[in-house]
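As structure tokens, the structure follows; a few thoughts come after it.
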Amino acid sequence: MSSVAKSEEEWRAVLSPEQFRILRNKGTEYMVGMLDCHEEKSLGWWPKGTGEYDKFFGDGVYTCAGCGTPLYKSTTKFNSGCGWPAFYEGLPGAITRTPDADGRRTEITCTACGGHLGHVFKGEGFKTPTDERHCVNSISIKFTSEGTSASL
């Protein structure tokens, strides 16, 4: 996988302010409605707002909004009920996992550009092949329909 390196100014030129806040400054996208996921509730905040891909289930591939690297197949997306898109696994080598400093969560980033995607949670009991939930900010990803150039 190739690496994408840009200066802060170059990232600001190609990303919206909200994309920059989330992808480069490790922010969290505001979601629509109340949170149902216990992990986010325990953090003590109740954001509202966006979440373009939360309830979207088209056939295709989700790519990094920063660099265009394919990250997830749509077949791995599921409805976790937490307000953010959820996937049970990423494409091989596309996602890097890093434990948060407090040890409570594991951050996921695009391996190619280092863009913040969200966090991964294990052992929540979802009936998926991995029992993992990649809780991803919608603004960190872009969807490409099956049959177009980014589809695998």
Fill in the blank from the handout: Between Tyr72 and the options His134, Lys77, Glu89, the side chain to side chain contact (heavy atoms under 4.5 Å, CB included) test singles out His134
Exercise for the section: Mind checking side-chain contact (heavy atoms from CB on, under 4.5 Å) for Asp100 and listing every partner two or more places apart, or none if nothing turns up? Expected result: Asp102, Arg105, Glu107, His119
Completion exercise
Rounded to the nearest 0.5 angstrom, the OG-CG distance for Ser138 and Asp54 is 6.5 Å
Handout entry: Nearest-0.5 Å distance, NZ of residue Lys26 to OG of residue Ser140
Key = 10.5 Å
Handout entry: Ile139-Trp84 co-clustered via ILVMFWY side chain contacts under 4.5 Å
Key = no
Problem - Step-by-step salt bridge (charged side-chain N to carboxylate O under 4.0 Å, His left out) determination, Arg97 to Glu132 - result: CA-CA 13 Å; Arg97 298 170 183 232; Glu132 287 188 348; 2.7 Å; yes
Exercise for the section: Starting at OG1 of Thr28, measure out to CZ of Arg21 and round the result to the nearest 0.5 Å. Expected result: 7.0 Å
Exercise for the section: For His116 and Thr109, work out which heavy atoms get closest and say how close. Expected result: CA-CG2, 4.0 Å
Handout entry: Straight-line distance of Asp59 CG to Ser74 OG, nearest 0.5 Å
Key = 4.5 Å
Exercise for the section: State which residue, out of Ile95, Ile141, Leu71, fulfils the side chain to side chain contact (heavy atoms under 4.5 Å, CB included) condition with Cys64. Expected result: Leu71
Completion exercise
Between the CD1 atom in Ile108 and the OG1 atom in Thr96, the distance rounded to the nearest 0.5 Å is 10.5 Å
Handout entry: Closest approach of Ala65 to Gln19 (non-hydrogen atoms, all atoms of both residues)
Key = CB-NE2, 3.8 Å
Problem - Distance in Å, Asp131 CG paired with Lys122 NZ, rounded so as to fall on 0.5 Å steps - result: 10.0 Å
Handout entry: Residue pair Phe56 / Gly58: nearest heavy atoms and the distance that separates them
Key = CE2-N, 3.5 Å
Completion exercise
Closest non-hydrogen atoms of Cys110 and Thr69, given as atom of the first, atom of the second and distance, are SG-CB, 4.2 Å
Problem - Hydrophobic cluster partners of Val4 (side-chain heavy atoms under 4.5 Å) - result: Trp11, Val14, Leu15, Phe20, Leu23
Handout entry: Parallel, tilted or perpendicular, as decided by the 30° and 60° cut-offs, for the rings of Tyr53 and Phe143
Key = tilted
Practice task
Using the test side-chain contact (heavy atoms from CB on, under 4.5 Å), find all partners of Thr128 that sit at least two apart in sequence or belong to another chain.
Solution key: Phe78, Tyr88, Phe126, Thr130
